[in-house]
2 protein chains.
Amino acid sequence: MTVAEKLDTEKSAKSKRSKPPVALETDRILEDDCVTAMASLPDACIDMIFADPPYNLQLGGDLFRPEGSMVDAVDDDWDKFDTFAAYDKFTRAWLKEARRILKPNGTLWVIGSYHNIFRVGAALQDEGYWILNDIVWRKANPMPNFRGTRFTNAHETMIWASKSEKAKYTFNYKTMKSLNDELQMRSDWLIPICAGQERLKEDGKKAHPTQKPEALLYRVMLASTKPGDVVLDPFFGTGTTGAVARRLGRHWIGVEREKRYCRVARERIEAALPLDESSLTIMKSNAAQPKVPFGALIETDMLKPGAILMDSKRRWKAEVRIDGSLTTKNGKEGSIHKLGALLQGAPSCNGWTFWHFETADGLKSIDDLRAEYRLAHFP
Amino acid sequence: MTVAEKLDTEKSAKSKRSKPPVALETDRILEDDCVTAMASLPDACIDMIFADPPYNLQLGGDLFRPEGSMVDAVDDDWDKFDTFAAYDKFTRAWLKEARRILKPNGTLWVIGSYHNIFRVGAALQDEGYWILNDIVWRKANPMPNFRGTRFTNAHETMIWASKSEKAKYTFNYKTMKSLNDELQMRSDWLIPICAGQERLKEDGKKAHPTQKPEALLYRVMLASTKPGDVVLDPFFGTGTTGAVARRLGRHWIGVEREKRYCRVARERIEAALPLDESSLTIMKSNAAQPKVPFGALIETDMLKPGAILMDSKRRWKAEVRIDGSLTTKNGKEGSIHKLGALLQGAPSCNGWTFWHFETADGLKSIDDLRAEYRLAHFP
DNA sequence: CAGGCTGGTGAATCCTGAT
DNA sequence: AATCAGGATTCACCAGCCT
């Protein structure tokens with residue numbers, strides 16, 4: 001049990017609505033209102049939530065309008081404020097419940113457009129979430145603005161947030177870098193909209209008005225979850241989140257009110273084939289490599305006490321001592337990291353990459369020695 | 001007098017704080033707090049407001065680059081707020097005053113990052129503004145994420161809003177289209193950050209920590225104002241808004257509390273000459289080259305993880321992994337370029353033309369797939 | 001002079017585990 | 001809870017200098 005999970009259990013025990021620790025049923029759709037459905041789940045059981053909440057105030061009128069307000073007889077401005085207030089109430093309700101069911105180190109993604117994303121963003125900050133990034137989904141082929149009255153609305157915004165400021169969230173940095181031709185993945189993603197074969201149809205018409213592309217969920221999930229994690233989508237629609245989760249070996253829970261969406265989603269996920277284990281492995285795993293103390297290189301005679309190390313430009317030299325510390329001619333000393341930092345006047349230094357030694361083929365880094373050591377001792 | 005201006009006068013007359021119709025003094029800096037300064041202006045006298053308010057960054061300790069130097073962070077007092085509530089109060093105060101001085105058909109631009117933009121967006125909706133677009137400023141050269149903890153924060157968000165829903169705002173559609181090589185201008189703009197000669201210095205150090213690029217203001221002003229319009233900037237700083245306004249033949253009013261910023265701004269605007277051809281070219285948008293990372297083919301399911309790639313003569317084979325890296329049977333791995341080079345013993349390799357996959361009609365290059373991807377998504 | 005190399009820098013909520 | 005030490009981590013652009 002990790003520290004995080006321990007904390008989690010302790011919190012649950014204290015909470016008024018604590019539930020007995022039962023195995024969470026995953027890979028299924030809860031056919032219910034999103035707040036009610038989430039309320040049926042125990043505290044801190046979800047690793048990641050992806051939410052694509054509605055924002056069409058007209059269609060959802062009943063849902064968002066507060067009790068007893070008169071629709072017809074109000075002034076425009078008042079009506080607008082009223083509607084915003086109702087939308088905010090709805091937003092806070094599901095964000096609150098979502099935060100409760102998130103594990104301490106879980107994260108939340110929300111996608112929206114300028115109609116609702118600012119309200120959602122402010123609300124989630126107020127609820128205690130900590131924003132990690134806002135991500136811009138740049139649509140490769142957006143619908144043009146036919147009337148020429150504004151800029152072509154060519155993007156949507158996603159907010160990625162952790163449960164709290166100090167949380168140790170999952171971010172698969174190397175995976176993202178690899179996916180982006182060995183450059184850091186930026187906050188603006190160019191991804192085509194969902195069309196063609198991928199777009200689900202019913203009787204020739206699109207099955208859902210706002211179906212998201214699988215490529216988007218693919219990147220979201222690959223970035224912020226580990227295989228086996230549980231992903232929840234409180235506005236499941238036709239189940240893009242579920243389909244991608246299954247393909248990527250993650251567990252999923254979908255919440256959706258509308259029966260016909262649920263039916264389409266089930267069929268779709270059924271057909272989404274999980275990738276096999278070997279394809280799932282990524283090139284540079286974030287799993288910690290076995291730690292090698294510098295002294296181990298001396299003990300195994302890969303470096304001898306008295307050997308001279310220097311930085312790549314031969315500005316500084318130091319001698320290796322028997323206990324794995326280094327010393328300079330004028331008496332400075334310390335670990336490979338400490339001395340490297342001291343000589344450069346830097347706050348810190350990675351001694352493994354800073355220090356080199358002379359070979360027939362020129363300078364070689366002690367990090368290469370460490371790699372050799374690992375190969376020999378951790379096959 | 002336009003209809004808009006007539007409406008405007010009528011409203012002013014009814015308003016409790018109506019003022020005698022005096023000529024508005026423009027092209028000057030009001031050296032004062034932003035709310036106080038705006039309060040000194042009459043109702044409905046401004047055509048466009050560009051606001052770059054404090055972002056409330058909430059930075060922690062120092063941040064160092066991998067090579068040891070320290071990042072020069074924004075730690076100015078003007079960016080510090082105790083709570084979100086305090087920031088919201090400040091935001092609503094200036095938004096309210098800004099809306100009062102805006103002409104009925106005037107518009108407001110606000111720029112921010114994920115730290116503050118959601119609060120600003122929600123507040124301006126509450127104040128009665130009507131959002132027209134959210135615009136993403138994609139930075140061509142953002143600061144990387146040095147610790148590999150999040151996605152590179154590579155953009156900022158601007159909100160463009162009219163005073164009310166029914167307003168007849170200015171949008172120079174054709175100008176924008178011609179600026180964008182005869183394609184409709186999208187909501188994501190690729191513009192470099194302010195650096196080099198353009199960056200104002202004092203004693204060799206940057207004069208203002210958050211100076212915005214003139215290219216950004218150029219596009220904003222060209223899109224949403226007419227020559228002779230009055231543009232107000234309530235957070236003037238070193239006067240980018242004023243400089244661009246002068247060059248584009250717009251009148252400007254700047255509001256800035258800090259004396260030293262005012263001094264720098266005055267000198268700068270004094271020197272801002274009308275644009276010549278060459279500067280115009282610089283300002284013109286560099287249409288984003290759609291670069292396709294190999295990973296995009298996997299995300300869009302054009303290539304599946306586990307697929308086998310080989311060179312044109314079938315000498316080498318490799319398997320596609322989930323993150324866009326390749327791996328061979330005997331454990332060699334890398335990007336399409338790296339692995340191609342490694343296998344051939346060459347210093348470098350263009351993986352796009354080196355790697356192929358089996359089809360019914362024989363081998364096909366992954367470069368063909370890339371071409372298909374481009375064709376499908378960048379019409 | 002062209003071209004290459006080095007160094008500096010930009011609105012940044014930037015580590016982790018053991019003791 | 002706080003402290004300490006190990007050691008992992010960067011992209012595009014510009015200016016200046018050298019070959």
Taking the nucleotide of DNA chain C with the closest heavy atom to each, which residue, A:K313 or B:R199, is nearer the 5' end?
A:K313
Base, sugar-phosphate, or nothing: which does B:T210 touch, judged by heavy atoms less than 4.0 Å apart?
base
In terms of side-chain heavy atoms, does B:D134 have a donor or acceptor partner in A:H155 at a distance below 3.5 Å?
yes
Under 4.0 Å between a side-chain N/O of B:K139 and OP1 or OP2 of D:dC11, yes or no?
no
Given side chains that start at C-beta, do those of A:T300 and A:H377 come closer than 4.5 Å, heavy atoms only?
yes
Counting only side-chain nitrogens and oxygens, does A:Y173 get under 4.0 Å of the OP1 or OP2 atom of D:dT9?
no
Close side-chain approach of B:D75 to B:K80, heavy-atom, < 4.5 Å
yes
Which atom pair, heavy atoms only, marks the closest approach of B:N153 to B:P142?
O-CB, 3.9 Å
Quick one: are A:V120 and B:F118 in side-chain contact, heavy atoms under 4.5 Å?
no
Nucleic acid contacts of residues 336-354 of chain A, taken as heavy-atom distances under 4.0 Å to DNA chain D
A:H337, A:K338, A:S348, A:C349, A:N350, A:W352
Mind checking B:P213 for me? I need base, sugar-phosphate or nothing, with any heavy atom below 4.0 Å counting as a touch.
nothing
Between C1' on C:dA12 and CD on A:Q184, what's the gap in Å once rounded to a whole number?
12 Å
Non-hydrogen side-chain atoms of A:M176 and A:L222 separated by less than 4.5 Å:
yes
Base, sugar-phosphate, or nothing for B:W137, non-hydrogen atoms under 4.0 angstrom?
nothing
Report yes if a side-chain nitrogen or oxygen of B:N145 is closer than 4.0 Å to either non-bridging phosphate oxygen (OP1 or OP2) of D:dT10; otherwise report no.
no
Tell me, please, whether B:F84 has B:R119 positioned over its six-membered ring: NZ or CZ under 6.0 Å from the ring centre and within 45 degrees of its axis?
yes
Just to verify, what does B:F151 make a ring pair (Phe, Tyr, Trp, His ring centres under 6.0 Å) with, not counting sequence neighbours?
A:W160, A:F171, A:W189
Mind checking B:G204 for me? I need base, sugar-phosphate or nothing, with any heavy atom below 4.0 Å counting as a touch.
nothing
Expressed in angstrom and rounded to an integer, what is the separation of B:K212 atom NZ from C:dA11 atom P?
7 Å
Min side-chain heavy-atom separation A:D47-A:K103 under 4.5 Å
yes
Is there side-chain contact between A:Q344 and A:D311, with at least one heavy-atom pair below 4.5 Å?
no
In this structure, how many angstroms lie between the C1' atom of D:dG7 and the CZ atom of A:F294, rounded?
14 Å
Ring-base stacking, B:F146 with C:dC14 (5.5 Å, 30° cut-offs)
no
When you compare the protein's N or O atoms with those of nucleotides 15-18 of chain C, which come within less than 3.5 Å of each other, and at what distance?
{"unit_1": "C:dC15", "atom_1": "OP2", "unit_2": "B:R147", "atom_2": "NH1", "d": "3.1"}
{"unit_1": "C:dC15", "atom_1": "O4'", "unit_2": "B:R147", "atom_2": "NH2", "d": "3.3"}

Where does DNA chain C pair, written as one dot-bracket string 5' to 3', with Watson-Crick or G-U pairs under 3.5 Å, ( ) inside the strand, [ ] for crossing pairs and | for another strand?
.|||||||||....|||||
Within a radius of less than 6.0 Å around NZ of A:K96, do more than 12 heavy atoms belonging to other residues, nucleotides or ligands occur?
no
In terms of heavy-atom contacts, does CD1 of A:I308 have more than 12 from other residues, nucleotides or ligands at under 6.0 Å?
yes
B:N116 atom CG is separated from C:dA11 atom C1', nearest whole Å, by 10 Å
Spacing of A:W160 atom CH2 relative to C:dC14 atom P, expressed in whole Å:
13 Å
Gap between atoms CG and P, on A:D134 and C:dA11 respectively (whole Å):
16 Å
Separation of C:dG10 atom C1' from B:L200 atom CG, nearest Å, is 15 Å
For B:D79, which contact category applies under a 4.0 Å heavy-atom criterion: base, sugar-phosphate, or nothing?
base
A:R370 CZ to D:dG7 P: how many Å, rounded?
6 Å
With a sphere of 6.0 Å drawn around NZ of A:K364, does it hold more than 12 non-hydrogen atoms of other residues, nucleotides or ligands?
yes
Please state the P separation for the pair C:dC14 and D:dG7 - nearest whole angstrom.
23 Å
Tightest non-hydrogen contact, residues B:A51 and B:P234, listed as CB-CG, 3.9 Å
Using a cut-off of strictly less than 4.0 Å, decide whether B:R65 has a side-chain nitrogen or oxygen near OP1 or OP2 of C:dG7.
no
Scan A:K177 against the nucleic acid and name what it touches under 4.0 Å (heavy atoms): base, sugar-phosphate only, or nothing.
sugar-phosphate
Heavy atoms of B:F294 and B:G324 approach each other most closely as CD2-O, 3.3 Å
When you check the side-chain N and O atoms of B:H337 and B:S335, is any donor under 3.5 Å from an acceptor?
no
Sugar-phosphate atoms are those with a prime plus P, OP1 and OP2; base atoms are the rest. Using that split, label each nucleotide of nucleotides 12-19 of chain D B, S or - for protein heavy atoms under 4.0 Å, 5' to 3'.
SSSS----
State, without any angle test, whether A:R99 and A:S164 hold a side-chain donor-acceptor pair at a distance under 3.5 Å.
no
Roughly how many Å apart are D:dG6 and C:dA12, using the C1' atom of each and rounding to a whole number?
24 Å
Per the glycosidic torsion and the 90° limit around 0, nucleotide D:dT10 is anti
Evaluate the side-chain proximity of B:R150 to A:Y169: yes if any heavy-atom separation is below 4.5 Å, no if none is.
yes
Heavy atom of residues 68-76 of chain B under 4.0 Å from DNA chain C: which residues?
B:V71, B:D72, B:A73, B:V74
